[in-house]
Each structure stands twice: as C-alpha cells, then as structure tokens.
Visitor: 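Handing you a structure now.
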Amino acid sequence: MSTPMPSHLAPPAPGTPDLPAGLRGLVADWSSDQSAFKVSWGKAMMWIFLLSDTFVFSCFLIAYMTVRMTTTVPWPNPSEVFALHIGGADVPLVLIAIMTFVLITSSGTMAMAVNFAYRRDRARCAALMFATVLFGATFVGMQAFEWTKLISEGVRPWGNPMGAAQFGSAFFMITGFHGLHVSCGVIYLLVVALRVLRGRYERLGDYQIVEIAGLYWHFVDLVWVFIFAFFYLW
C-alpha cells in the first residue's frame, strides 16, 4: 500500500502557478480550513468582521444604558427632542419612523438582489442593488437633517439645553458610528452593483460577492433596530 505524498512535496495542481514547495504547503494548509468548513474565505471574513462589529456596537449601547440609568439629571424626552413641526403641530418621531421604514425596505431590496444574483439575472440584480443604494443614501441624508436640527437647537456632545449633558455625546457617537457604516455600505454596494451591471461576475461565474455585500447591509439594518429601540422608544 503506497503512502500519500505530503502536500508540500506534491506537484502543483493543473492550472496553478509553479510555487516553491514550502509555499505550496502553506497554501495547502490554509486551504484545508476552507474545505473543512465548506465556506468561502470572503464569506468567513465578513462574518468575523460583523462579529467584531457586534461587540463594538454592544459596548456602545451598554454604555448608553448605564449612563441613562445612573444619571441624576432628567433625560431629554425623545418624543419632544425628535419631533417635527408639521401643519402647526409637533409630530413626534415622524422623521425617525420614515428613516426606519427606508432602511428596512432597503434590506428587502438587497435580499431580492441576492436572489436574482444566484439566478444569473444581472440586470434585475443590479437594479435592485441601485435601489438599495438609493434607500441608503436617503437614510444618510435624513440623518444629516436630524443632526442639523439638533445642533441648531443647541445640542452638543458636551451638553444640551434639554436635559442631561450625556445625551449629546451618546447620541452623536452611536448614531454617527452607525451612519458611517451606512455610508460605507452605500459606496460598497454601488461598486458591486456597477460590476454586476458590467458583467464582471458573469464572466467569473461567481456572484457570491453580492451575498457577502448583503450580509453587511443586513447587519447595518439590524443594528439600527436596536438603536431605534434604545434611543427613540426608551
């Protein structure tokens, strides 16, 4: 019975570059993890990134809850702080409700884009991704309007005229960090959508990058649900 040849001594597979024996062994060892877990490196790395990002957002929200429950100064009333003056009356949380609807809708269009990507329907996939980008940009625009309104009313990271001074720092830090994620996601999805439209992934025969981009976008949407509950409903 013959003994299998070690990976670092085996000849290179057809179609692969002729690497030195030691480097071939290193590549084979790293590739064995991909075979063991049945998942691509791109998707695995995205999951690891999202897990680390989950810890960061969790720390922010836990710190916010701690400050909110321990401060002795009255906390600003979200229904009053985030109200818009429409038709002669203050409508509470109307802008936040629209922002939440837009972001959740974008998650639906992204899910459909992934579905059409695996069907190799690049036109519909790209169209839905562009729709997702539009929703994301709309969300960022409304958040910029919200920030502008609060700043004009005197809210600052070091204090505000509506109550506890910690409100401004917590609000700008957490919503700003989330807004940065949405902005990066808009650019990321736009680049992928353009490549889909130009047939890049059709030629490669692999649309998995659309699913990976979708994982990031769904995560951003999920984080907003928690921010919405902690900041605007509590």
Side-chain angles (χ1 to χ4, degrees), residues 49-87 89-110 132-189 214-234:
F49 168 74
L50 296 182
L51 181 62
S52 64
D53 227 18
T54 300
F55 293 145
V56 175
F57 275 108
S58 298
C59 290
F60 281 163
L61 291 176
I62 290 173
Y64 169 77
M65 287 190 294
T66 303
V67 170
R68 175 78 183 270
M69 291 185 295
T70 56
T71 183
T72 57
V73 181
W75 200 261
N77 186 348
S79 297
E80 297 175 359
V81 175
F82 302 108
L84 288 182
H85 194 72
I86 301 175
D90 290 331
V91 183
L93 302 177
V94 61
L95 179 64
I96 311 305
I98 297 173
M99 291 170 63
T100 304
F101 175 78
V102 166
L103 207 56
I104 291 177
T105 303
S106 73
S107 192
T109 56
M110 189 65 225
T132 306
V133 167
L134 181 60
F135 282 129
T138 302
F139 176 88
V140 173
M142 288 189 291
Q143 189 171 63
F145 172 80
E146 178 189 35
W147 275 41
T148 303
K149 176 179 176 294
L150 291 181
I151 292 173
S152 67
E153 293 173 352
V155 179
R156 300 290 187 272
W158 52 86
N160 70 90
M162 305 177 186
Q166 300 93 327
F167 171 80
S169 58
F171 174 78
F172 288 125
M173 171 63 74
I174 296 178
T175 61
F177 192 58
H178 178 265
L180 176 63
H181 278 70
V182 177
S183 301
C184 292
V186 166
I187 298 172
Y188 181 27
L189 294 184
L215 289 175
Y216 176 85
W217 194 255
H218 294 318
F219 170 79
V220 170
D221 293 351
L222 180 61
V223 169
W224 175 253
V225 172
F226 286 94
I227 293 176
F228 175 77
F230 282 91
F231 262 104
Y232 303 104
L233 298 183
W234 183 13

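Keep in mind it's a predicted model, so treat the numbers as computed, not measured. Start at 1 with the first residue, then count along the sequence.
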Visitor: Counting only pairs under 3.5 Å, give me each side-chain donor-acceptor contact of residues 223-234, with atom names and distances, residues two or more places apart or in other chains.
Guide:
from, atom 1, to, atom 2, distance (Å)
W224, NE1, T100, OG1, 3.0
Y232, OH, E146, OE2, 3.1

Visitor: Scan residues 51-61 for pairs that pass side-chain hydrogen bond (donor to acceptor under 3.5 Å, both in side chains), counting only residues two or more places apart or in two chains.
Guide: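 Only D53-H181 qualify under side-chain hydrogen bond (donor to acceptor under 3.5 Å, both in side chains).
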Visitor: Taking only residues two or more places apart in sequence, or in another chain, which ones meet S79 in a side chain to side chain contact (heavy atoms under 4.5 Å, CB included)?
Guide: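 Side chain to side chain contact (heavy atoms under 4.5 Å, CB included) check on S79 returns N77, P92.
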Visitor: Filter on salt bridge (charged side-chain N to carboxylate O under 4.0 Å, His left out), then keep only pairs touching residues 153-171, sequence neighbours left out; what's left?
Guide: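 As it turns out, the salt bridge (charged side-chain N to carboxylate O under 4.0 Å, His left out) pairs with a partner in residues 153-171, which skip direct neighbours, are K149-E153.
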Visitor: Measure the shortest side-chain to side-chain distance between V94 and F82 over non-hydrogen atoms and say whether it is less than 4.5 angstrom.
Guide: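 The answer is no, as the side chains (C-beta and beyond) never meet within the 4.5 Å cut-off.
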Visitor: Please list all pairs meeting side-chain hydrogen bond (donor to acceptor under 3.5 Å, both in side chains) that have one or both residues in residues 66-76, counting only residues at least two apart or in different chains.
Guide: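 Qualifying pairs: Y64-R68.
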Visitor: What pairs with E80 under salt bridge (Lys or Arg N to Asp or Glu O under 4.0 Å), at least two apart in sequence or on another chain?
Guide: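 Salt bridge (Lys or Arg N to Asp or Glu O under 4.0 Å) list for E80, sorted by chain: empty.
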Visitor: State the CE-NE2 distance between M110 and H218, to the nearest 0.5 angstrom.
Guide: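 Answer rounded to 0.5 Å: 6.5 Å.
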Visitor: What residues, two or more places apart in sequence or in another chain, satisfy side chain to side chain contact (heavy atoms under 4.5 Å, CB included) together with V155?
Guide: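 Side chain to side chain contact (heavy atoms under 4.5 Å, CB included) list for V155, sorted by chain: L150, N160, M162, F167, F172.
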Visitor: Can you sort out the partners of L215 under side chain to side chain contact (heavy atoms under 4.5 Å, CB included), two or more places apart, ordered by chain and number?
Guide: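 For L215 the side chain to side chain contact (heavy atoms under 4.5 Å, CB included) partners, ignoring immediate neighbours, are K43, M46, W47, L50.
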Visitor: With sequence neighbours left out, which residue pairs that include part of residues 162-175 fulfil the side-chain hydrogen bond (donor to acceptor under 3.5 Å, both in side chains) condition?
Guide: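 Found W147-T175.
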Visitor: Between S107 and I104 (side chain of the first, backbone of the second, donor and acceptor by atom type, cut-off under 3.5 Å), is there such a pair?
Guide: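 Checking the backbone N and O of I104 against the side chain of S107, no donor-acceptor pair under 3.5 Å is found.
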Visitor: Looking only at heavy atoms, which two atoms of M142 and I98 are closest? And how far apart?
Guide: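 Nearest pair, atom of M142 first, then I98: SD-CG2, 3.8 Å.
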Visitor: Taking all non-hydrogen atoms of both residues, which atom of W158 and which atom of A165 are closest, and how far apart?
Guide: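 Distance-wise, the nearest heavy atoms are O-CB, 3.8 Å.
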